[in-house]
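Only one structure is covered here, and it is reproduced in the block below.
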Amino acid sequence: MTTRTILLASPRSFCAGVERAVDIVERLLAARSGLNQDNSHPTTPNVYVRKQIVHNTRVVDELRERGAIFVDELDEVPAGATVVFSAHGVAPVVRRDAAQRGLDVVDATCPLVTKVHLEARRYAARGDTVVLIGHAGHEEVEGTLGEAPQQTVLVETLADVEALEVDDPNRVSYLTQTTLAVDETTALIDALRNKFPGARGPDTADICYATTNRQAALSVIAEEADLVLVVGSANSSNSVRLVELAERNGTPAYLVDRADDVPTAWFDDVRVVGLTAGASAPPELVNEVIERIASWGPVQVIEHEVTRETVRFTLPPAVRPA
Ligand code: SF4
C-alpha cells in the first residue's frame, strides 16, 4: 500500500488570544469547584459566558460539560453573577448593560481586538468616517462597529468600496477585522485608497499575527497538496479564510470540525494531504485527524514551520495567579 504524506502547516491551532480566553474560563470554573480554606464548599456562583468564548465546538462543549453556562445576551445572566466576555470583544453598550445589571465582568477580549477598538475610538474622535473592513454579523465586527456606530461604515467587498459615499472624502480612516485574508484585504485597502487618497489606517496590521502566520504556513504547503483539510468550526472566521486561501491556490479544501467529519471518499487518488487548523481549534483535533487518516493506511507526517510563535498575553487581574 502506498504511503500517504501529510504536510502539516506550522503555526496552526490555538493562538495566544484563544489560549488566554479558554484559560480565563477554566480558572473561574476551577475557583468555583475548589474548597474554601476551612474545607467547606465555596459559594462562588455560576460562571456565565456571553456568546461562544471562542468559535470552536469542541472547546465550547468541554467548557459547558465542566459547568460554564453559555448565554447569547446579558438578560439571561442573574444580577450580580460572574460573566465572561468572549475573545471577540463587545460593543460599549454591552459593557454599560453589564454595569447596570451589577454583573461581575471578566473580560476575555483578545488584546489584539481591543487594539482595533481603541483605533476605532481614536479615528472617530478626530471626526473621520471610519471604514471597517470585515464580515457583517461576525461578533468581532459587531463589537468594533459599536465603538462609534454613527461614524462607522462596514465594507465587505470591492463593490462596497465602489459604492461608498462619505461626508468628507478627506476625512476617512479604515480598520480591519483581525481574522481576514491578507491578500483580499490588501486589495480592499488599495481600492479604498484609490478612491480616497487621504485615507488613513494601519494597512493590514489589524489582521493579527496568528491569522497572518496560519495563512503564510498554509500557502507553503497548499500548492504541493492534492487536498487540504482545515480543522475548525464553521463560524470560525480565520478557519474559513484558510479554506478559501487553499482554494485560491487551486487546491480543493474542506473545513472539518472533528475527525469523524473526514470521509474516506475525499481521499481517492490523494497522495499528499495538507493539514492545518484555525486559531480556535485545539491541537488534539489535528492529532485525531492524523490518526483517522492513518487508520486507512500508512502515512508519513512532514511539518513545515514558517515561523515560531512566542506571543503570550497576560491574564486579567480577576484570574491572575497571586
Ligand atoms: Fe486574538 Fe488573533 Fe487569536 Fe483572534 S485569532 S484571538 S485576534 S490572536
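Both counts, for ligands and for their atoms, begin at 1 and track the order of listing.
Taking a 6.0 Å sphere around CG of Asp167, one finds it holds 12 or fewer heavy atoms contributed by other residues, nucleotides or ligands.
Side-chain contact of Asn213 with Thr307: a donor-acceptor pair under 3.5 Å is absent, judged by distance alone. There is a side-chain donor-acceptor pair under 3.5 Å between Glu140 and Thr178.
Near Cys208, meaning under 4.0 Å from one of its heavy atoms, ligand 1 places the atoms 2 (Fe), 5 (S), 7 (S), 8 (S). Below 4.0 Å from some heavy atom of Tyr209 lie the following atoms of ligand 1, by number and element: 8 (S). Taking every heavy atom of Gly17 and a limit of under 4.0 angstrom, the matching atoms of ligand 1 come to 6 (S).
Scanning all protein heavy atoms for the shortest distance to atom 7 (S) of ligand 1 gives Thr178 OG1, 3.4 Å. Atom 3 (Fe) of ligand 1 has as its closest protein heavy atom Cys15 SG, 2.2 Å.
With respect to Glu147 and Arg121, a salt bridge is recorded, a charged nitrogen being found less than 4.0 Å from a carboxylate O.
For residue Cys110, an N/O/S atom approaches atom 1 (Fe) of ligand 1 to within less than 2.8 Å.
Atom-to-atom distance recorded for Glu65:CD and Leu29:CG is 12.0 Å, nearest 0.5 angstrom.
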